[in-house]
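Below, chains carry the letters A, B, ... as their sequence lines are ordered, and counting in each starts from 1.
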Protein chains: 2
Amino acid sequence: MTAKTPAAKTSRTPKVPVPGKATINDIARLAGVSKKTVSRVINDSPLVKPDTRAKVHALMREYGYAPDPQARGLAFRRSFLIGLVFDNPTAQYIVNIQYGVLDALRDSGYELVVHPCDSKSEGYVDGIRRFVQQQKLHGVILIPRVSEDEALAEALRAIDCRYVRIASVAMDEPGRMLVTHDRSAGAEAANYLESLGHRRIGLITGPKRYRSSIERGEGFVDALAKRGIQVPPERIYEGGYTFESGVAGAEQLLARPDRPTAIFACNDEMAAGVYKAAQRMGISIPGELSVVGYDDSPLASQLWPALSTIRLPVRDVGRQAAGLLLTQDAAPAAVMTAVTPHLVARDSCLPPQAV
Amino acid sequence: MTAKTPAAKTSRTPKVPVPGKATINDIARLAGVSKKTVSRVINDSPLVKPDTRAKVHALMREYGYAPDPQARGLAFRRSFLIGLVFDNPTAQYIVNIQYGVLDALRDSGYELVVHPCDSKSEGYVDGIRRFVQQQKLHGVILIPRVSEDEALAEALRAIDCRYVRIASVAMDEPGRMLVTHDRSAGAEAANYLESLGHRRIGLITGPKRYRSSIERGEGFVDALAKRGIQVPPERIYEGGYTFESGVAGAEQLLARPDRPTAIFACNDEMAAGVYKAAQRMGISIPGELSVVGYDDSPLASQLWPALSTIRLPVRDVGRQAAGLLLTQDAAPAAVMTAVTPHLVARDSCLPPQAV
DNA sequence: CTGAAAGCGCTTACAG
DNA sequence: CTGAAAGCGCTTACAG
């Protein structure tokens, strides 16, 4: 204890913090500055002399120091957690969003907490509010269908909680929206089938309570109308985004005398249902029936023939949504952020047979 | 300020905490006890007079008080977060585990933080260690394949981190394991096919680096052997748990002169590949070929004919794993916890044709 | 059964 | 550009 030489040679003195266990006090002492200065370095304050900053940074690296998120959170009166709130989309969608969000969160000091909910249950908004308040979340990312619920958005604003809504149309200010433009993808599917020569075209939509379903269906019908093709009500079937509803829809549409030569199903699961119905009825795909789906789920490329479908880069959606959330305070987005879905043409469509 | 009557009548005084914003100090003051006593109530200490406890509880409810997890965590020197660490299983598996874990965590005060990783990358164990240490996690749940990595388990033990491993065989002490018994399910598939009368039976396994693949395959082969049926090497194909590898495997197995009358694919994706190959080769299922899969993925019931497969209640797995983690300190599990998979017979199997 | 003091590891507000 | 004091909302260790 008499030596005045720089310690750390005798490695086990209580003065040398264990890697991964150092605190702001250790770094401050080692650097010969106050902890407030270390705090400034942590928070990238410009009010630190470059030399001091460099020295502190070096020490932080040397001891593998990372500030304790809980202590920081307590002082900041908020946590470094982002909530992912979702109702009941497909597993693939949830997981891809998670991967994307985590891409954006990597090395940011933020972590992702998952929070499923049931938007049909009484008081689900209260549940989310409690979650946000208790965890003092930095913000939440809202996936369809909860993202489409204005009451939830309103409740979050009321408690001053940052959020980003992922939805098929802009329904909030730019900083709080990530738009997926389902309508234009519906139109792309329509134009594709029209350009192949199809004129009698059927549509299987999702449930009306999903905005995506409306957008996809309307985009499809409107685009066909622009090219002079009408889709009469009897060629539209409202499905439930499920395989079974796809089967039922196709059976109904294909039983008609003026049977359609092409069907657009608003998701891949229902498109798979169309395959099954067609197989049962002895209608060959793509020879006698062209099919377009939506989602590009793993299923799509496994069907036989491989399904032409709409692909949305969901991981990008997650990444950008998280990016918006993190920059919401610093650089409030001025222009609406969007990720655009596109058609992936595979083997399920052909020009209609000349009958 | 002169009134000595119980306040709260004039509702807006600074003495009355806003709902959802009360602190331990507010509750203590309102109850006329010290915050330490409130703390005892929060932590279910027996050292509180029933009357006092009741009064504090009432106040907590009235003001919607919930202790701040960050403050609590800081004082406890650990957080109330559970980490879910996974490499790359199917989306459906990940999501079901998440639902299950959250079932168990509900109202426990713990939250779930997701942490994907790449077990093939250099230093992935370090990444997980940093995650655990920085967040001061209460514990982590490990899903295959990372759950099978002894080096990771060792590293977690070294930093004194609670964990539960989900795997197909017991590879750790009871309190830290949730076993899924893939071997017995493989045997069940074997016995089913044998009892239908099949004798020439093919097997498409997963990659050898997955313990589940080995267990399923060996369980299948051993069970057949017990009933006097050999599966020669040329009737075993090592797939990659992917659709394409299922196609390739089936094409090879079905091209042989003594073509099998039944195939067991070690997951549903590969079983779907078998369907595709069979369709291409003009072999009808189940008439000329019986198929059994594994996982009971959504795919299974959408295939035509519906796939007979092994079903593991994955959500239960997640729930029980989380349960183990939460009770690890209090009641260290003495006996190995298991969730058992079972065959779901659908339409893809029939006795072999008498040719 | 209950409480006053000190501390967890950070930050805010203030002062210089 | 830097720091000493007080505080975020809890708990531990100690005392009674």
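Counting only heavy atoms from C-beta outward, the side chains of A/R162 and A/D329 approach each other to under 4.5 Å. Counting only heavy atoms from C-beta outward, the side chains of B/R315 and B/D103 approach each other to under 4.5 Å. Side chains of A/D68 and A/I24 form no contact here, defined as non-hydrogen atoms less than 4.5 Å apart. Put simply, the side chain of B/L30 reaches to within 4.5 Å of the side chain of B/Y63, judged on heavy atoms. The shortest distance between side-chain heavy atoms of B/R165 and B/E150 falls below 4.5 Å. Here the side chains of B/V314 and B/I97 are in contact, with some heavy-atom distance below 4.5 Å. B/L152 places none of its side-chain heavy atoms less than 4.5 Å from the side chain of B/Y163.
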Check: Under a 3.5 Å cutoff on both atom distances, Watson-Crick or G-U, what's the dot-bracket for DNA chain C ([ ] crossing, | other strand)?
Finding: |||.||||||||.|||
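Nucleic acid contact class of A/N25 (heavy atoms, under 4.0 Å, all strands): none. Backbone-only engagement by B/K49 is indicated by non-hydrogen atom pairs under 4.0 Å involving sugar-phosphate atoms exclusively. Across all strands shown, B/F80 has no heavy atoms under 4.0 Å from either base or sugar-phosphate atoms.
In the region residues 67-79 of chain B, proximity to DNA chain D at under 4.0 angstrom, judged on heavy atoms, holds for B/P67, B/D68, B/A71, B/R72, B/L74, B/A75, B/F76.
Side-chain atoms of B/S79 come within 3.5 Å of backbone atoms of B/K136 as a donor-acceptor pair (strictly under, hydrogens ignored).
Of the residues near DNA chain D, B/N43 and A/L47, the one whose nearest nucleotide (by heavy atom distance) lies more toward the 5' end is A/L47. Nucleotides of DNA chain C nearest to A/Y65 and A/R40 differ in position, and the one nearer the 5' end is that of A/Y65.
Chain A approaches DNA chain D over the interval D/dC1 to D/dG9, counting the first and last nucleotide 5' to 3' with an atom under 4.0 Å from its heavy atoms.
Figure legend: cation-pi geometry between B/R78 and B/F76, with NZ or CZ positioned under 6.0 Å from the six-membered ring centre and within 45° of its axis.
Between B/K21 and B/D26 there is no salt bridge, since no side-chain N of the basic residue sits under 4.0 Å from a carboxylate O of the acidic one.
Ring geometry for B/H115 versus B/F131: interplanar angle under 30°, hence parallel rather than tilted (30 to 60°).
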